[in-house]
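The chains referred to below are lettered A, B, ... by the order of the sequence lines, with proteins before strands, and numbering in each begins at 1.
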There are 2 protein chains.
Amino acid sequence: MRKKARETNGQSVVMRLRQAGLRPTRQRNELADLLFRDGNRHLTAETLHAEAVNRGIRVSLATVYNTLHQFTHAGLLRQVMVDATRSYFDTNTVEHHHYYYEDDGMLADIPGTDIDVGNVPDAPEGTKVSRVDVVVRLKRS
Amino acid sequence: MRKKARETNGQSVVMRLRQAGLRPTRQRNELADLLFRDGNRHLTAETLHAEAVNRGIRVSLATVYNTLHQFTHAGLLRQVMVDATRSYFDTNTVEHHHYYYEDDGMLADIPGTDIDVGNVPDAPEGTKVSRVDVVVRLKRS
DNA sequence: AGCTAGTTTAGAACAGTTCTAAATATCTTG
DNA sequence: CAAGATATTTAGAACTGTTCTAAACTAGCT
């Protein structure tokens, strides 16, 4: 069973980082492994740092923050704003929407068919739409 | 020209506060005046505090925070999450959506006809939808 | 190997927000 | 309308997530 190569969208993460002018350092590579290992993940800087430390990866919290932002700029991650106190990063960069569990602060992709967002007026003069976020906030019933 | 009575939805703010078990104190009344004076506003605690101080209202920042949260619980305000660093409060509590100007951190109601959000799957077992937020993020073009 | 520019790091600094407990205001009730 | 009980306000300390700083380290040249 061979070690799975680091990749997203068929292109190796290393390549994408190189293209973004980022050196594939040990820390960035190991964090990329964690981030893109299994499917779509929603995590905060502190979550990821804890996970890394747990697995014996030596990396500082500052580097986790730097890396998350750099990956976001490189288009490997997407930052989601749902909670006033924490920033979530989503490893799924394809247009999709979220459930936010208000009671426990968890974020999840909305599964199944796509949500339709219709009837959005044209962007105001001088601006263009950067993206449309839909967050369905859930609470325990 | 008489002073306009404090009210929202026809019911006086004082009444709504009383019902929420909140005493209509000087600070709460004066902040309500600012908040509900003209149409829909989107403000942060610091914005509101600055505005109050500017108009000679003596109130502490802590009270502004308390008041915003209490008003939110009482259903007079709605908290909108668009920016990781600041909490916005919206004086329009009717279901509606927002433009967020990424470049300057401004929040505005999306005007005109309502946006349709369709095809939202049922809320997961044990949860119910608390609300659906749509944020159209804009950037300078 | 040695150089250079990019990267990482610990810890300090920062911003927005919440907490604390003492002072003050409001609302009863007599 | 004074007294007592309870709610509210406040200044400032504390806290939390995040960013900054500048010194140490590393990757990628040559």
Checklist entry - Is there a donor N/O on one and an acceptor N/O on the other, under 3.5 Å, for the side chain of B:R23 and the base of C:dT26? => result yes

Checklist outcome for this item: Judged by nearest nucleotide, the residue sitting upstream toward the 5' end of DNA chain C, A:L61 or B:Q27, is A:L61

Checklist entry - How long is the line joining NE2 of B:H49 and P of C:dT18, in whole Å? => result 15 Å

Checklist entry - For B:N66 and C:dT17, what is the distance between atoms CG and C1' respectively, to the nearest whole Å? => result 11 Å

Checklist entry - Nearest-Å distance, CG (B:L43) to C1' (C:dG16)? => result 16 Å

Next on the checklist: Looking at A:T63, I'd like to know whether one of its side-chain N or O atoms comes within less than 4.0 Å of OP1 or OP2 on C:dT7.
Outcome noted: no

Next on the checklist: So B:V132 and A:V135, do their side chains get closer than 4.5 Å, heavy atoms only?
Outcome noted: no

Item to check | Value in whole Å for how far the C1' atom of C:dT7 lies from CZ of A:R26 | outcome: 11 Å

Checklist outcome for this item: Separation of D:dT18 atom C1' from A:M81 atom CE, nearest Å, is 13 Å

Item to check | Which residue lies more 5' along DNA chain D, comparing A:T44 with A:R18 via nearest heavy atoms | outcome: A:T44

Checklist entry - Would you call B:E51 and B:R37 a salt bridge, using N to O less than 4.0 angstrom? => result no

Checklist entry - At under 4.0 Å between heavy atoms, what does A:H69 touch on the DNA or RNA strands: base, sugar-phosphate, or nothing? => result sugar-phosphate

Checklist outcome for this item: Of B:P24 and B:Y65, the one whose closest nucleotide on DNA chain C sits nearer the 5' end is B:Y65

Next on the checklist: Rounded to whole Å, please give me the gap between CG in A:L48 and C1' in D:dG17.
Outcome noted: 15 Å

Checklist entry - So, do A:R78 and A:R131 sit near enough that their side-chain heavy atoms are less than 4.5 Å apart? => result yes

Next on the checklist: Checking side chain to side chain donor-acceptor pair (under 3.5 Å) between B:H42 and each of B:D90, B:T91, B:N92, B:T47, which is the one that passes?
Outcome noted: B:D90

Next on the checklist: Check this for me, if you would: do B:R137 and A:D133 make a salt bridge, where the nitrogen-to-carboxylate-oxygen distance has to be below 4.0 angstrom?
Outcome noted: yes

Checklist entry - Given that A:Y88 and B:T67 both sit by DNA chain D, which one's nearest nucleotide is further toward the 5' end? => result B:T67

Next on the checklist: Strictly below 4.0 Å: does A:T85 bring a side-chain N or O up to OP1 or OP2 of C:dT17?
Outcome noted: no

Checklist outcome for this item: Regarding the side chain of B:S60, the nearest nucleotide among C:dG16, D:dT18, D:dA11 is D:dA11

Item to check | Nearest-nucleotide pick for B:A62, side chain only, options being D:dT10, C:dT8, C:dA10 | outcome: D:dT10

Checklist outcome for this item: A:R28 CZ to D:dG28 C1', in whole Å, measures 13 Å

Checklist outcome for this item: Taken to the nearest whole Å, CG/A:L17 to C1'/D:dG28 is 16 Å

